[in-house]
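What you are looking at is a predicted structure, and each value in this text was computed from that prediction instead of being measured.
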Amino acid sequence: LLSAPFAVTPRCAIFFRRWVALLVLLEAASRWDALRWLYTDSGALPRRLVLPDPAEDPLAWAVCAHAWHGSLAWAQALTALQASAAV
């Protein structure tokens with residue numbers, strides 16, 4: 001009796017997925033100019049200040065893809081990967 005009002009049609013699911021993809025693309029585009037200052041070692045918080053030493057806690061470095069490299073090219077590649085996954 002209550003399942004009918006809460007049913008999700010395929011059309012509704014496609015509409016929702018397209019809006020989420022659009023939001024992810026807009027968010028990635030809005031961050032593009034700030035990547036150097038937010039996600040690189042030359043930015044506000046370098047990896048050495050935020051993350052523990054890799055010898056002490058390798059899991060923290062293994063889980064976070066942004067910690068693998070601190071260059072602008074790496075941050076741009078991850079943002080492009082995020083945008084391509086949205087599409």
With a 3.5 Å cut-off and sequence neighbours excluded, list the donor-acceptor pairs that the side chains of residues 70-78 form with protein atoms.
residue, atom, partner, partner atom, Å
S71, OG, H69, ND1, 3.0
S71, OG, W74, N, 3.2
W74, NE1, A65, O, 2.8

Checklist line | Residue pair W61 / D53: nearest heavy atoms and the distance that separates them | finding: NE1-C, 4.0 Å

Next item on the list: Please list, chain by chain and in numerical order, all residues satisfying side-chain hydrogen bond (donor to acceptor under 3.5 Å, both in side chains) with R31, sequence neighbours excluded.
Entry: E27, Y39, Q82

Check: Between P46 and A44, which heavy-atom pair has the shortest distance, and what is it?
Finding: CD-O, 3.7 Å

Note to self: For a quick test of reading the model, state the closest non-hydrogen atom pair linking L51 to A67 and the distance between them.
What the structure shows: CD1-CB, 3.2 Å

Next item on the list: Could you tell me which non-hydrogen atom of A83 sits nearest to which non-hydrogen atom of A28, and how far apart they are?
Entry: CB-CB, 4.4 Å

Check: Does D41 have any salt bridge (charged side-chain N to carboxylate O under 4.0 Å, His left out) partners at least two apart in sequence or in another chain, and if so, which?
Finding: R47

Item checked: Minimum heavy-atom distance R36-S42, with the two atoms named -> CG-OG, 4.0 Å

Next item on the list: Please test T40 against L35 for side-chain contact (heavy atoms from CB on, under 4.5 Å), starting from the C-alpha separation and ending with a verdict.
Entry: CA-CA 7 Å; T40 65; L35 287 177; 5.8 Å; no

Notebook entry, point to check: Going hydrophobic residue to hydrophobic residue with side-chain gaps under 4.5 angstrom, can you get from W19 over to L26?
Noted result: yes

Check: In terms of heavy-atom contacts, does CH2 of W37 have more than 12 from other residues, nucleotides or ligands at under 6.0 Å?
Finding: no

